[in-house]
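Below is one structure; the comments refer to it alone.
When a ligand or atom number is given, it counts from 1 through the structure's own listing order. Given the structure is predicted, the values throughout are model-derived calculations rather than measurements.
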Amino acid sequence: MFLAPPNAIPRRCPLTNACTRRCRPLSVPARSSRRTARPATFTLLVAIMPETERPQGFLHGAPPLVFVLGGPGSGKGTQCRKIVEEFHFDSICVGELLRREAHGGDDPVLRRYIEEVLQRGEIVPTAITMRLLHKACTEHVGTHRGILVDGFPRAIEQAEAFEREAGAGCAFALYFECSEQVLMGRLLARGQTSQRADDNMETIRMRLRTFYTTSMPVIERYQQQGKLVRLNAERDVEQVYEEVRRELLRRGFVR
Ligand code: AP5
Ligand code: MG
């Protein structure tokens, strides 16, 4: 990850030593700050390993993959923890990977950029998300009975990128369905005690908008493919999990 004016793109990527011709430039608005004056916009060069140079089919031979979908506050994390406990799945939370990168990543520009996207309740670009997910997934290949991917994909483009690169889609997707009113109520309640910077009214509104505009088509996609397991997530945690358990047992997973 590096900053440079567009006419000063180095010929080799500093991270991967790959040719930079396929690295994708992104225009990123600079955050205004009282203390540091920045130009209105600057070019963030996402110096990720180009997709074509990442090992393709990285999930080949991996245990079944279960995508966990639902609006912000629908209970994805809560239910994933229960599945891990009982069914010994592995769980990767993409939001958590991003928060970790935003707080402890090596690159200060990337850290700040992710932090700002999360704060705006938007979706982090697929190139960045895929790089983190690729790393996390390959650590889990060959272990455990299944892999839960919490909060992924959140856009059609992500679903397609994943299938292309991983060489596998999900076995099925759990969708925790919840009304906007319930989601809002849960997140505002959690916001009173949680450390999450995005649990405030303004960001929650934007997270909800992003969910309905960008992520709903993903849910429709899996519905059309016959892979969607739709669960009423407005019931209490144990009732929701009871149905999750039934669905997993029905598909042959053992406790
Ligand atoms: P992420 O961390 O995934 O957040 P989210 O989707 O907004 O959802 P939450 O984690 O807040 O809620 P949850 O559904 O896990 O519910 P939980 O169990 O915690 O993503 C954060 C951000 O990262 C995104 O906004 C985006 O910017 C970025 N990002 C993430 N994935 C990305 C991707 N693929 N690509 C690009 N960017 C990405 O429960 C919530 C609360 O409700 C808790 O207090 C819980 O105790 C309570 N609760 C849970 N279940 C119940 C129940 N049944 N009844 C009553 N209360 C309940
Ligand atoms: Mg969560």
**Asked** What protein heavy atom sits nearest atom 22 (C) of ligand 1, and how far off is it?
**Response** Leu118 CG, 4.0 Å
**Flag if over 12 foreign heavy atoms under 6.0 Å of CZ, Arg251** = yes
**Prompt:** At a non-hydrogen distance cut-off of under 4.0 Å, which region of Glu234 contacts ligand 1 (side chain, backbone, both, or neither)?
**Reply:** neither
**Item:** For atom 21 (C) of ligand 1, closest protein heavy-atom neighbour
**Value:** Arg99 NH1, 3.6 Å
**Prompt:** Taking distance alone, with no angle check, do Gly151 and ligand 1 share an N/O pair under 3.5 Å?
**Reply:** yes
**Prompt:** Got more than 12 heavy atoms from elsewhere within 6.0 Å of CD, Glu202?
**Reply:** no
**Item:** N or O pair under 3.5 Å between Ser74 and ligand 1
**Value:** yes
**Item:** Sub-4.0 Å atoms of ligand 1 with respect to non-hydrogen atoms of Gly95
**Value:** 1 (P), 2 (O), 20 (O), 23 (O), 30 (C), 31 (N)
**Request:** Please state which part of Asp236 comes within less than 4.0 Å of ligand 1, counting heavy atoms only: side chain, backbone, both or neither.
**Result:** backbone
**Fill in**
For Val94, the atoms of ligand 1 under 4.0 Å from one of its heavy atoms are 31 (N), 32 (C), 33 (C), 34 (N)
**Request:** Could you tell me whether a side-chain N or O of Ser74 sits under 3.5 Å from a main-chain N or O of Cys178, the two making a donor and an acceptor?
**Result:** no
**Message:** Any nitrogen or oxygen of Arg190 lying under 3.5 Å from a nitrogen or oxygen in ligand 1? Just yes or no.
**Reply:** yes
**Request:** Enumerate the atoms of ligand 1 whose separation from the nearest heavy atom of Phe152 is less than 4.0 angstrom.
**Result:** 34 (N)
**Asked** Mind checking whether Met130 and Gln158 have side chains closer than 4.5 Å, heavy atoms only?
**Response** no
**Message:** Just to check, does Asp199 reach to within less than 4.0 Å of ligand 1 when the distance is taken from its heavy atoms?
**Reply:** no
**Prompt:** For ligand 1, which atoms sit closer than 4.0 Å to a heavy atom of Gly71?
**Reply:** 14 (O)
**Prompt:** Do any nitrogen or oxygen atoms of Gly73 come within less than 3.5 Å of a nitrogen or oxygen of ligand 1?
**Reply:** yes
**Complete:** If you scan protein heavy atoms around atom 16 (O) of ligand 1, the nearest is Gly75 N, 3.1 Å
**Request:** May I ask you to decide if Asp199's main-chain N or O and Thr203's side chain share a donor-acceptor pair within less than 3.5 Å?
**Result:** no
**Asked** What protein heavy atom sits nearest atom 28 (C) of ligand 1, and how far off is it?
**Response** Leu98 CD1, 3.6 Å
**Asked** What is the closest protein heavy atom to atom 15 (O) of ligand 1, and at what distance does it sit?
**Response** Gly77 N, 3.0 Å
**Prompt:** Atoms of ligand 1 less than 4.0 Å from Gln158 heavy atoms?
**Reply:** 33 (C), 34 (N), 35 (N), 36 (C)
**Request:** Write out the residue and atom name of the closest protein heavy atom to atom 26 (C) of ligand 1, then the distance separating them to 0.1 Å.
**Result:** Glu122 O, 3.3 Å
**Message:** Does either side chain, that of Tyr175 or that of Gln223, offer a donor lying less than 3.5 Å from an acceptor on the other one?
**Reply:** no
**Message:** Return the closest protein heavy atom for atom 42 (O) of ligand 1 as residue, atom name and distance.
**Reply:** Arg186 CD, 3.4 Å
**Message:** Could you work out, for atom 32 (C) of ligand 1, the closest of Lys76, Glu96, Arg154 by heavy-atom distance?
**Reply:** Arg154
**Message:** Against Phe152, only a single residue in Ile92, Val94, Val218, Leu97 fulfils side chain to side chain contact (heavy atoms under 4.5 Å, CB included); can you say which?
**Reply:** Val94
**Prompt:** Should the heavy atoms of other residues, nucleotides or ligands under 6.0 Å from CZ of Arg190 be counted, would the total exceed 12?
**Reply:** yes
**Request:** Give the single entry among Leu231, Leu188, Val124 that approaches atom 36 (C) of ligand 1 most closely by any heavy atom.
**Result:** Val124
**Prompt:** Counting heavy atoms only, which of Arg235, Arg207, Gln192 comes nearest to atom 7 (O) of ligand 1?
**Reply:** Arg207
**Message:** I need the contact type for Thr78 against ligand 1. Using non-hydrogen atoms and a strict under-4.0 Å cut-off, is it side chain, backbone, both or neither?
**Reply:** both
**Request:** Work out whether the distance between some heavy atom of Gln79 and some atom of ligand 1 is less than 4.0 Å.
**Result:** no
**Message:** Measuring from non-hydrogen atoms of Arg196 to any atom of ligand 1, is the shortest distance under 4.0 Å?
**Reply:** yes
